[in-house]
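Numbers restart at 1 for each chain; the letters A, B, ... are given by sequence-line order, proteins then strands. Everything numeric here is computed off the predicted structure, so don't read it as measured data. Every heavy atom of this structure was used, including side-chain atoms; hydrogens, water molecules and symmetry mates were not.
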Protein chains: 2
Amino acid sequence: MSSKRAKPYHHGDLKAALIDGAAELLVERGVRRFSLAELSRRLGVAVAAPYRHFANRDELLAAVAVRALDQFGDALAAQSSEADQPEQRLAAMAEGYVRFAAEQPALFSVVFSIGLDKKKRHSELREAYEEIEGTLAAAVAEFCPGDPVGAQQLADAIEATAHGYAALLTDQPGAFDPADVDHAAEQAAGATRALLRGRAALWDQDARSEDAGAGQPT
Amino acid sequence: MSSKRAKPYHHGDLKAALIDGAAELLVERGVRRFSLAELSRRLGVAVAAPYRHFANRDELLAAVAVRALDQFGDALAAQSSEADQPEQRLAAMAEGYVRFAAEQPALFSVVFSIGLDKKKRHSELREAYEEIEGTLAAAVAEFCPGDPVGAQQLADAIEATAHGYAALLTDQPGAFDPADVDHAAEQAAGATRALLRGRAALWDQDARSEDAGAGQPT
DNA sequence: GTCTATATCCCGATAGAC
DNA sequence: GTCTATCGGGATATAGAC
């Protein structure tokens, strides 16, 4: 950070400046109101300049999403590692999922507004995503030794549940009531524990008819 | 519906034509690429005409969302009523949730891209939404007699889970593989059954320490 | 190769004429 | 109610300066 920083922008590292600036602007404006033109203006470059580094607006957003996904994955891994027991680990991950969405709504929404479509193409995006799924899979594996299919289903269920709480919370624009965030995060953790305990119903298709009585009121 | 329908469009009922056309255009273009200008062009009116009926683009989308929510609610109610047992009813609703999202991705996404913000203001939008929550609450109530708080938590968990599966599925743009839809729908139903069976962990906060062993590998 | 300048086209929204 | 005209902005494409 000595010689290169004489002309921090305008020269040298516009690509990195674009990603940095885009992340900031996203936080301020949200994905919908984010504009390449405003970003260019802020960086003091011409509106066409970004196109030397990114094919279009969405490609820049995808680059931001890669970084966001990395942070997201780190947050989840950190949450996960704080708990000793497997159930706790998964519940903590669900809680972390919701909290990340609430604390970084712009980053969270950019990841999921990109469309998983590009996650297939973009190798970086895919890697970042697979790292998250790996963390989850590792925590789930302890519950389903020797049953990879069941483990995958359980992991999907936990991911879907956490994502549902996060998405429903995030759909409310503006600031969140911290109490709502806590509530949603705890609920997501509770739902995760509930899924783990009732998980037999996930893969036992016969449960539908066989043990239907098990879920009835007492 | 006799005298008014002589000139269905262009005159007399532009408002209805806008809502109809918007729903169609949304299916073709998606929420993001939907434009009032293109809709106006299709209906053969000036770009300023819609503003006599809707304050802005979002207000028109909100009107479409009201209709979409009505259809969504009907679909869920229909699914729910096909099952006899309470557990089945809830599983069927979760399945219906995912299937609606997959079959009408444009309508589904317009509902949740509006932001629950407006659902508070817009009385119509709120009513449509509350009807859905009512259907769910009724089905859940059978599991939690005399425990309204627990019933609400259970309902939220089921909604979040179904929403998560639906949202993750819908985030992939383009057409869905029907097999994926079936899989996701069945998984959502299974997760719902799992939530019902493990539901004690939802509201029993002490479960975290007390019965942590119950969820451990055998 | 990177960036500026410029130009095109589309969109949302408003004001005022008919 | 609807149209015409118009403003402000944004996404891109191209040409040329460095």
Atom OH of A:Y51 to atom C1' of C:dA7: distance rounded to whole Å?
14 Å

Value in whole Å for how far the C1' atom of C:dG12 lies from CG of B:L36
7 Å

Measure the distance from CG on A:L39 to P on C:dC3 and round it to the nearest whole Å.
13 Å

Look up atom CG in B:L196 and atom CD in B:Q88, then write down how far apart they are to the nearest 0.5 Å.
10.5 Å

Between C1' of D:dA11 and CD of A:E59, the distance in whole Å:
15 Å

Whole angstroms only, please: what is the CG-P distance between A:D58 and D:dA11?
10 Å

A:V47 or B:A48, whichever maps to the more 5' nucleotide of DNA chain C:
A:V47

Mind listing the side-chain donor-acceptor pairs of residues 55-68 of chain B below 3.5 Å, one per line with the distance, residues two or more places apart or on another chain?
unit_1	atom_1	unit_2	atom_2	d
B:N56	OD1	B:D58	N	3.1
B:N56	OD1	B:E59	N	2.9
B:R57	NE	B:F34	O	3.3
B:R57	NH2	B:V31	O	2.9
B:R57	NH2	B:F34	O	2.9
B:D58	OD1	A:R32	NH2	3.1
B:D58	OD2	A:R32	NH2	3.4
B:R67	NH1	B:D20	OD1	3.3
B:R67	NH2	B:D20	OD1	2.6

Could you tell me how far apart B:L25 (CG) and C:dC11 (C1') are, to the nearest whole angstrom?
13 Å

Just compare C:dC11, D:dA11, C:dC3 and give me whichever is closest to any side-chain atom of B:S35.
C:dC11

Separation of D:dA11 C1' from A:R32 CZ (nearest whole Å)
17 Å

When you check the phosphate oxygens OP1 and OP2 of C:dC3, does a side-chain N or O of A:H53 lie under 4.0 Å from one of them?
yes

For DNA chain C, whose closest nucleotide is more 5', that of B:N56 or that of B:R52?
B:N56

Within the structure shown, what part of the strands sits under 4.0 Å from B:A49 by heavy-atom distance: base, sugar-phosphate, or nothing?
sugar-phosphate

For B:R33, which contact category applies under a 4.0 Å heavy-atom criterion: base, sugar-phosphate, or nothing?
nothing

So, is B:R41 close to the C:dC10 phosphate, meaning a side-chain N or O under 4.0 Å from OP1 or OP2?
no

Tell me what A:R57 touches on the nucleic acid: a base, only sugar-phosphate, or nothing, going by heavy atoms under 4.0 Å.
sugar-phosphate

With distance as the sole test, does A:R89 use its side chain to make a donor-acceptor pair with the main-chain N or O of A:A83 at under 3.5 Å?
yes

Taking atom P of C:dT2 as reference, at what distance in whole Å does atom CG of A:L43 sit?
16 Å

Is the distance between the ring centroids of B:Y97 and B:Y165 less than 6.0 Å?
no

Between A:H163 and A:F108, is the ring centroid distance below 6.0 Å?
yes

By nearest atom, which of the nucleotides D:dC3, C:dT6, C:dA13 is closest to the B:A46 side chain?
D:dC3

